[in-house]
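Structure first, commentary second.
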Amino acid sequence: MKLHEYQSKLIFAKYGIPIPKGRVAATAAEARAIAEELGGRVVIKSQVLVGGRGKAGGVKLAKDSDEAEQLATQILAMEIKGLPVRKVLVDEAAAIETEIYFAITNDRAARKPVMIASAAGGVDIEEVAATTPEKIIKVNIDPLLGLREYQIRDIAASIDLPREYWKDFIKLATGLWRTYSETDATLAEINPLVITKDKRLIALDGKMMIDDNAMFRHADLAEMRDIDEEAPAETEARKYGLSYIKLDGNIGCMVNGAGLAMTSMDIVKLFGGEPANFLDIGGGAGSDKVAAAMKIILSDPNVKAVLFNIFGGITRCDEVARGILVAMAEVKPKVPMVVRLVGTNAEEGRKLLENAKMITAETLADAAKKSVAAAKGKK
Amino acid sequence: MSILINKNTRLLVQGITGNEGFFHTTQMINYGTNVVAGVTPGKGGEWVFDGKIPVFDSVKLAVDATGANATVIFVPARFAPDAMFEATDAGIPLIVCITEGVAVQDMMRVRNYIDQKKARLIGPNCPGMLTPGESKVGIIPGNIAIPGNVGVVSRSGTLTYEVLYALKLVGMGASTCVGIGGDPINGTNFVDVLEMFEHDAQTEKVVLIGEIGGTDEDKAAEYISSKMTKPVVSFIAGQTAPPGKRMGHAGAIIEGGAGTAAGKVKALEAAGVKVAKHPEEIPSLLK
């Protein structure tokens, strides 16, 4: 789950990381009031869950509250990478001396968390990483020991942070480690971390992502999810524990297992079709979950055919068949459906679907070809 | 010969009385796997499967009483890390975790702990292993594979079944099939299993099934070109997957451009691996 900048910074503050004074606003009038409180000179920052907001014109400096209101009006009317801006963060403007990049994330290859820092912070950090990788400092953290203070000092020295800031930096890094580990973050990023002209360290921007698999122990964070930023079908899918991503094609796919779901999409494309979605019903799905999945697929008006590819292991084909029947009775779909059941309880599943007027397929390639043909209106 | 599991595997099932645990234990017993005990905290002293299999409160008690030398975990995701720690501390050398959805920071702790204790973890979020005709540990349907000389290793669950089934349809069998799991942090990677297949007398050819994300396939390609003498055929899932909706820069800084299906296919082909366009093409590439 992605968090907005303002949400991330509120969490940072809870763990002792200094952030600019500011608040979030949903209207230009609110933005004006916040700017007045903060003394006029503020930054208006669009709150959308995509990167590159600054480059898209969604972050602007206002010299007084009049301009703050005017810029907030502009930004609140914007769309950034297809997402409408619904909120802006109004932050006091900082007088910046230096910009640092600082983050903790998962290092998959090392199987450990990694702390990343660079003296070349700011919007072009990926460019820096690609062209001058020596300017990026990485230190792995032992997940059983946690972040140790000597590692923070090593980082501070490596990015040439003046010694007068070390004490504050140690406090800040410890706070970021606690943020990362106590919220089950997959990313806790400060870019830029600035040194201000009046010699303070401040997290000017913040990004966080939380591990969805850890949400069971973070009820407070689950409430921060912004469902306005998701496609409704994706919200619905999450409710049922389904993994669904909408795509642009016209062949709906329902598959068990992420690898097989991706493969089914690949084969549909290989035989000249376009998948309408990625949908993994997961392992051991019961009939209710299958029914929900089918409704989600059929809610996409582009769908001209549906491909069910179920290879039963922990999932039982008869359970899937029952789910298909429940959903068919409710939704009464008008599009052709191709079904392939193999593995655990496949025989029982096929028997249940005998009277359901579905196109059956034996192999994966056969199923893909038949659904491509069905979507084109051919028998 | 086979790798990791065979007729001598004495299997413990953690979560044996749960829905999934019970169902798949039945399947494993029917296949001929020697299931010696189960663990469900709070149900120690009960006997399941017609009084043939004892249930214990802890892994340690089960190991002491039955000499179990492998365990398979079917407990819900929030309890799975504890189950893996418990099995490690009880000294079980082979731990297979089927559970899907384990939190990634939990997995980093588990993996780093297990590495210190010299146990081997397969999974999590994996289908387990199958040595056709001898032993099945996990959830791979037994009837989709026959004994043979092809070693199969895969990051995916159901996609592995497709491949085993496609092999069986043309009369080809597997020495052992290992599902290493699809999670970003797991216990055993491709290179570990390739090494075992390279040294296994029964295995003559290997099928490697990868997918987008991470760098495991690239490392496998390196190993294959430098160390492996047996032929390898591969399939990589996710050629058409849309790029993830990414936020933040840390992922790009850590992984750079790695992780695409095209990049993996290129690395494997450069290592002399034949890469199939779809899984049902694999048997013909093995011939």
Side-chain angles (χ1 to χ4, degrees), chain A residues 2 49-51 101 103-109 111-114 116 125-126 129-130 136 138 142-144 181 184 186-187 189 191 207 209 211 213-214 216-217 245 247 255-260 262-263 265-267 269-270 275 278 282-284 311-315 342-344 363-365, chain B residues 19-20 23-24 27 77-78 98 100-109 111-113 127 139-141 144 154-162 165-166 182 184-185 209 211-215 235 237-242 245-256 261 277-280:
Chain A
K2 293 172 183 174
L49 293 176
V50 288
Y101 177 89
I104 299 177
T105 187
N106 302 334
D107 185 347
R108 184 171 176 160
R111 303 175 194 102
K112 289 183 167 90
V114 61
I116 310 167
I125 189 68
E126 282 185 42
I136 307 278
K138 298 172 208 166
D142 186 323
L144 300 170
S181 53
D184 272 288
T186 54
L187 170 74
E189 181 182 81
N191 186 35
K207 283 192 179 73
M209 290 176 77
D211 182 358
N213 286 338
F216 67 89
R217 55 188 169 216
I245 299 168
L247 302 169
V255 188
N256 62 323
L260 190 55
M262 285 192 282
T263 303
M265 289 159 52
D266 291 351
I267 303 190
K269 200 143 181 172
L270 188 66
F278 166 92
F311 209 121
I314 203 162
T315 306
V342 193
T344 311
T363 66
L364 189 47
Chain B
N19 250 343
E20 302 302 337
F23 178 82
H24 288 287
Q27 306 271 326
R78 65 177 72 183
I98 306 301
E100 178 179 357
V102 179
V104 63
Q105 289 198 21
D106 281 335
M107 267 324 295
M108 289 195 282
R109 287 184 280 266
R111 174 66 199 261
N112 280 274
Y113 187 71
I139 62 173
I140 300 174
I144 61 168
S154 172
R155 267 172 70 188
S156 165
T158 46
L159 179 53
T160 317
Y161 308 167
E162 290 285 358
Y165 188 61
I185 312 285
I209 303 157
E211 58 186 47
I212 49 168
T215 54
F235 174 73
Q239 314 269 349
T240 56
K245 301 171 206 164
R246 205 168 48 82
M247 199 178 73
H249 301 282
I253 291 172
I254 287 296
E255 293 198 345
K277 283 194 200 66
H278 65 85
E280 285 157 346

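We name chains A, B, ... by the order of the sequence lines, and we start the count at 1 in each one.
- Only the side chain of B/Arg111 comes within contact range of chain A, judged by heavy atoms closer than 4.5 Å.
- In summary, B/Asp106 and B/Arg109 engage in a salt bridge, as defined by a charged side-chain N under 4.0 Å from a carboxylate O.
- The line from NE2 of B/His24 to OG1 of A/Thr344 is 6.0 Å long, rounded to the nearest 0.5 Å.
- Taking B/Lys277, B/Arg78, B/Met107 one by one and counting their heavy-atom pairs under 4.5 Å with chain A, the maximum is reached by B/Arg78.
- In terms of heavy atoms, B/Gly101 sits closest to B/Ala77 at O-CB, 3.3 Å.
- With chain B as the partner, the residue from A/Gly282, A/Gly343, A/Gly312, A/Pro275 showing the most heavy-atom pairs under 4.5 Å is A/Gly312.
- Across every non-hydrogen atom of A/Ile125 and A/Ile136, the tightest pair is CD1-CD1, 3.8 Å.
- The part of A/Leu270 that comes within reach of chain B is its side chain, from C-beta onward, which places non-hydrogen atoms under 4.5 angstrom from that chain.
- Contact of A/Lys269 with chain B is made through the side chain alone, with heavy-atom distances under 4.5 Å.
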Exercise. Between B/Val102 and A/Asn213, does a side-chain contact (heavy atoms from CB on, under 4.5 Å) hold up when you go through it step by step?
Worked result: CA-CA 6 Å; B/Val102 179; A/Asn213 286 338; over 6 Å; no
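- Contacts between B/Glu280 and chain A at a heavy-atom distance below 4.5 Å involve the side chain alone, from C-beta outward.
- A/Arg217 and B/Ala103 make their closest contact through NH2-CB, 3.6 Å (heavy atoms, listed as atom of the first residue, atom of the second, distance).
- With a threshold of 4.5 angstrom between heavy atoms, A/Val342 approaches chain B through side-chain atoms but not through N, CA, C or O.
- For a residue to count as touching a neighbouring chain, one of its non-hydrogen atoms must lie under 4.5 Å from one of that chain's; by this rule B/Ile144 touches chain A with the side chain only.
- Chain A forms the most heavy-atom pairs under 4.5 Å with one residue out of B/Gly182, B/Ala166, B/Ala237, and that residue is B/Ala237.
- The two residues B/Ser156 and A/Gly259 come nearest to each other via the heavy atoms OG-CA, 3.6 Å.
- Highest contact tally toward chain A, considering only B/Ile212, B/Ile139, B/Thr160, B/Ile209, is held by B/Ile139 [criterion: heavy-atom pairs under 4.5 Å].
- Heavy-atom distances place no part of B/Pro127 under 4.5 Å from chain A, backbone and side chain included.
- Heavy atoms of B/Thr158 lying under 4.5 Å from chain A belong to its backbone as well as its side chain.
- With a threshold of 4.5 angstrom between heavy atoms, B/Ile98 approaches chain A through side-chain atoms but not through N, CA, C or O.
- Only the side chain of B/Glu100 comes within contact range of chain A, with at least one heavy atom under 4.5 Å from a heavy atom of that chain.
- With a 4.5 angstrom heavy-atom cutoff, A/Ser181 touches chain B via backbone and side-chain atoms both.
- Closest heavy-atom contact between B/Pro279 and B/Leu159: CG-CD1, 3.8 Å.
- Closest of all the heavy-atom pairs between B/Asn112 and A/Arg111 is ND2-O, 2.9 Å.
- A/Asn256 touches chain B through backbone and side chain together, each having a heavy atom under 4.5 Å away.
- Other residues, nucleotides and ligands contribute over 12 non-hydrogen atoms within 6.0 Å of the CG atom of A/Asp142.
- For the set B/Glu162, B/Glu20, B/Gln27, B/Glu211, the entry with the most heavy-atom pairs within less than 4.5 Å of chain A is B/Glu162.
- Separating the CG atom in A/Asn106 from the NZ atom in A/Lys112 is a distance of 13.0 Å, to the nearest 0.5 Å.
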